Amino acid sequence: MTWLVPLMSDSPDITPARHTRHLTVDENTAGQRLDNFLIRELKGVPRTRLYRALRKGEVRVNKGRVRADYRLVIGDLVRLPPLHQPAASAPPSIPLRQVDQLSRQIVYEDDDLLVIDKPSGLAVHGGSGLSFGLIECLRKMRPEARYLELVHRLDRDTSGLILIAKRAAILRELHRQLREKHIDKRYLALVAGKWPRAMRVVDAPLEKNFLQSGERMVRVSGGGKRAITEFRVVERLEGATLLEARPITGRTHQIRVHAQHAGFPLLGDDKYSDDRTESFARQIRLKRLFLHAASLRFTLPDKVEMNLQAPLDSSLEIILENTRK
């Protein structure tokens with residue numbers, strides 16, 4: 001008798017055959033958005049290609065077409081098309097100083113949750129030319145952790161509080177609270193000029209666009225998704241206003257675009273700024289986006305209400321001190 005020995009797909013000299021896969025959603029992935037699931041399962045495939053596969057119906061759930069924001073349910077059968085994925089590469093080299101810094105940025109931790117005061121300039125995950133981000137750093141920092149997943153995201157240039165789930169059940173619960181608007185998130189932002197106290201709510205739909213370069217931009221558009229941000233004046237400064245921003249919805253770049261729409265782009269915003277704002281930012285020597293996730297309030301099952309705070313870092317405090325003179 002002749003035995004046929006299958007070639008192992010993890011052999012370094014063998015490229016796995018391209019084929020359609022069908023995956024059944026389990027408790028560890030239930031509640032996750034479909035697009036995030038695809039990014040995880042089809043590592044290295046450009047996001048624009050993943051979204052095109054969704055639009056064309058190449059990706060299906062239970063044999064039907066679905067939207068990118070569909071939330072997976074236990075037992076769902078997901079069809080993954082044979083999209084090109086680059087060969088696996090070595091894990092990214094993460095500087096020890098970055099890991100050391102994050103270990104000092106822990107605001108809260110228990111068996112369910114890790115809360116980090118993310119520094120400005122660090123993306124939440126690698127990709128789009130970045131070899132690593134916050135989640136890769138945390139996994140290097142905690143190699144023994146069986147589960148670490150981002151609950152939500154912050155822009156690369158935004159600093160402040162971000163939640164990382166340590167159990168799948170906690171991720172699903174916090175995603176539910178985000179959808180149902182049970183998590184209170186507040187940001188501190190600085191704008192040039194005198195923001196009117198009477199302007200407390202910006203209710204303007206937002207639409208995402210991708211430039212030819214691949215850069216993502218957001219604009220107010222009647223065809224976009226509804227977006228609401230509450231603003232409150234915290235302090236009047238010399239030529240500027242410190243604001244508290246509370247996003248009621250969770251759209252990409254929402255606070256930044258709503259502030260621009262109101263006529264007051266955030267200081268240090270290189271995407272949505274104008275000449276007046278850029279000139280003032282140079283005048284006060286601001287080197288980064290002045291947007292900071294300062295507080296989070298929510299309640300997890302069997303726990304007291306959590307009210308987490310992260311003060312402004314020293315670079316932003318110096319800017320405020322200089323504009324108070």
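Heavy-atom basis, side chains included; hydrogens, waters and symmetry copies ignored. The model shown is predicted, which means the values in this text are computed figures rather than measured ones.
Within the 4.5 Å cutoff, the side chain of Val233 has heavy atoms near those of the Leu243 side chain. Side-chain atoms of Asp112 and Lys166, non-hydrogen and from C-beta on, never get closer than 4.5 Å to each other. A 4.5 Å side-chain heavy-atom check between Arg167 and Glu173 finds every atom pair outside the cut-off. Taking 4.5 Å as the limit, every side-chain heavy atom of His253 sits out of range of all side-chain heavy atoms of Gln260. Annotation: side chain of Ser315 is not in contact with side chain of Lys287 (no heavy-atom distance under 4.5 Å). Taking the side chain as every heavy atom from C-beta outward, Asp69 and Asp35 never approach each other to under 4.5 Å.
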Step-by-step side-chain contact (heavy atoms from CB on, under 4.5 Å) determination, Leu23 to Leu77: CA-CA 6 Å; Leu23 301 181; Leu77 185 65; over 6 Å; no

Between Lys63 and Arg79, is a side-chain contact (heavy atoms from CB on, under 4.5 Å) present by the stated rule, with each step listed? CA-CA 8 Å; Lys63 299 183 179 180; Arg79 177 192 186 275; over 6 Å; no

Stepwise, does the salt bridge (charged side-chain N to carboxylate O under 4.0 Å, His left out) test hold for Asp155 with Lys271? CA-CA 12 Å; Asp155 294 340; Lys271 278 183 180 285; over 6 Å; no

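With hydrogens and angles ignored, the 3.5 Å screen pairs no side-chain donor or acceptor of Arg65 with any backbone N or O of Leu54. Remark: the backbone N or O of Gly121 is paired with a side-chain donor or acceptor of Arg156 at under 3.5 angstrom. Here the side chain of His175 pairs no donor or acceptor atom with the backbone of Gln32 at under 3.5 angstrom. Checking side-chain atoms of His292 against main-chain N and O of Ala310 turns up a donor-acceptor pair under 3.5 Å. Judged purely by atom type and a 3.5 angstrom limit, Arg71 uses its side chain to pair as donor or acceptor with the backbone of Gly31. In this structure, Tyr187 contributes its side chain and Pro247 its backbone to no donor-acceptor pair below 3.5 Å. When atom types are taken as modelled, the side chain of Gln254 and the backbone of Thr249 share a donor-acceptor pair closer than 3.5 angstrom.
Salt bridge Arg226/Asp203: present, at least one basic N to carboxylate O contact under 4.0 Å.
Using bins of under 30°, 30° to 60° and over 60° for the plane-to-plane angle, the ring pair Trp195/Phe231 lands in the tilted bin.
Checked against Leu312 for a side chain to side chain contact (heavy atoms under 4.5 Å, CB included), the options Leu320, Leu190, Ile319, Ile318 give a single hit: Leu320.
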